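Note that ligands are numbered from 1 as they come in the structure, with each ligand's atoms numbered from 1 the same way. None of the values given here were measured: they were computed from a predicted structure. Sequence positions, counted from 1, serve as the residue numbers for this chain.
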Amino acid sequence: MNFWQHLPRPIVGLSPMDGVTDACFRSVIASHGRPDVTFTEFTHVHDVCRAPEIHLETLRYSEIERPIVAQLYGNDPELFYLAAQAVCELGFDGLDINMGCPSKSVAASGSGAGLIRTPELARSLIQAAKRGIDDWAGGQTLEQGGFKPARVEVFERMNRQRGAQPVSRRETLPVSVKTRLGYESVTVEAWVEQLLMEQPTVISLHGRTLKQMYRGAADWSAIARAASLVRGTGTLLLGNGDIQCLDDISRRVGETGVDGVLVGRGVLGAPWFFRPKELVRGQASSERGPESGLSLSTVSLDERFAVLLEHAKQFVEIFGHKQFYRMRKHLGWYCKGFPHAASLRSQMVRVSSVEELQSILKAFHIRPQSGVVLPYDESVDMAETLASRCS
Ligand SMILES: Cc1cc2nc3c(=O)[nH]c(=O)nc-3n(C[C@H](O)[C@H](O)[C@H](O)COP(=O)(O)O)c2cc1C
């Protein structure tokens, strides 16, 4: 048994997004609307094993994000064997192999979605990761597994920084794969059959080919075909692509028979996205009602700005003031779907500190227009934003 088996159905998870779903944004999401499962941004197996410590930033996480799965990419089985042991040592709940990244720098070297063209190699990466996990669970130390003592110290420091207890029981971790429908054209049946030979615990399927990148609409009919192939094999299938609201989740799960979905871009500027997810399961949500803070479908401007500010403060705490420019895109994403959002957004892309952010928000509160001081328009809420996304 692993954590995937205990998740409610349909599973509603946060999709990994490099440069977006960092430890800070994920922790804001976890505290405002916890997804059923969370993935880290992808990390190259070489960076896990050998690169300067700064490259391990993508493997930082906090306990409230659990269950959390580390996503790795690369094309070297030996490095996957090593890195899988590190993922265990760092206390993750699962290991995911990226076989879907379409970017030239990744796919052209045969990693990410490039692996769709080399199914034998893709399978050997899964085998190597599983071997690393089994050896670690069997009691092998990282040094015995091939790590230098200095690297082991780095992992120990990361665990201490997280406040983690030393591992008391070594258990095997589930290995999953996140991929696309094909390389140039949709070859999902043949590709999924290859993956199933290695019995990954989960396959997450983005409904586009590598060639499509992010263009066009995700092909959920192809995801449905994969779902019927996977049914009964013991592997779970998560569909992914263009989910913008809870209605999309119910509809896609109903149409395709997937075990769940991953949501990526729908969460940008909306860390409360997952809050009402119980509704998708047809249950009365215990989070319903005014006492829940960010209530079911309405997020007022006051609340939106409070979360935005909290996100910015937490970002500085985690990554430091010098990195604040990385926060700007998030600030912009929060500013949509309400009057004068565009003008606020244009200021957000230039903001350099929490203090500056606070004064911009304060000025927005008392924004003079035609000589009149306007209060917030509380009537514009998240429901409207979601509705516009879904149209
Ligand atoms: C900025 C950005 C970064 C991404 N980084 C990753 C990544 O690190 N690993 C991964 O498997 N997918 C990555 N993806 C793909 C998403 O996880 C997801 O599959 C894709 O965006 C489609 O889902 P969506 O329509 O819900 O966004 C990224 C997507 C975006 C937009």
Nearest protein heavy-atom contact for [atom]: which residue, which atom, what distance?
atom: atom 9 (N) of ligand 1; value: Gln71 OE1, 2.8 Å
atom: atom 12 (N) of ligand 1; value: Lys178 NZ, 3.0 Å
atom: atom 26 (O) of ligand 1; value: Gly264 N, 2.9 Å
atom: atom 3 (C) of ligand 1; value: Asp18 N, 3.1 Å

Looking at ligand 1, is there an atom of it that comes within less than 4.0 Å of some heavy atom belonging to Tyr214? yes
Within less than 4.0 angstrom of ligand 1, does Gly241 place any heavy atom? yes
Would you find a donor on one side and an acceptor on the other, under 3.5 Å apart, between the side chain of Arg151 and the backbone of Ala51? yes
Compute the shortest N/O to N/O distance between [X] and ligand 1 and return yes if it is under 3.5 Å, no if not.
X: Pro16; value: yes
X: Arg208; value: no
X: Asn240; value: yes
X: Gly266; value: no

Is it the side chain (CB and beyond), the backbone, both or neither of [X] that lies under 4.0 Å from ligand 1, heavy atoms counted?
X: Asp242; value: both
X: Arg265; value: both
X: Met17; value: both

Check this for me: Gln199, atom CD, are more than 12 non-hydrogen atoms of other residues, nucleotides or ligands nearer than 6.0 Å? no
Kindly indicate whether the side chain of [X], heavy atoms from C-beta on, has any atom under 4.5 Å from the side chain of [Y].
X: Arg265; Y: Asp242; result: yes
X: Arg326; Y: Phe315; result: yes
X: Lys362; Y: His365; result: no

If the plane angle is over 60° it's perpendicular, under 30° parallel, otherwise tilted; pick one for Phe42 and Tyr73. parallel
Numbered in order shown, the ligand 1 atoms found under 4.0 Å of a heavy atom of Ser15 are 16 (C), 17 (O), 18 (C), 19 (O)
Identify, by atom number and element, the atoms of ligand 1 in contact range of Asn98, meaning under 4.0 Å from any of its heavy atoms. 9 (N), 10 (C), 11 (O)
Transitive ILVMFWY cluster of Val37, excluding itself - 4.5 Å side-chain cut-off: Phe3, Trp4, Leu7, Ile11, Phe39, Val69, Val202, Leu236, Leu238, Leu262
Would Arg157 and Glu53 pass as an ion pair if we require N to O under 4.0 Å? yes
Taking it one step at a time, do Phe364 and Gln347 satisfy side chain to side chain contact (heavy atoms under 4.5 Å, CB included)? CA-CA 11 Å; Phe364 191 77; Gln347 297 179 70; 5.6 Å; no
Test side-chain contact (heavy atoms from CB on, under 4.5 Å) applied to Glu193 - qualifying residues, sequence neighbours left out: Leu229
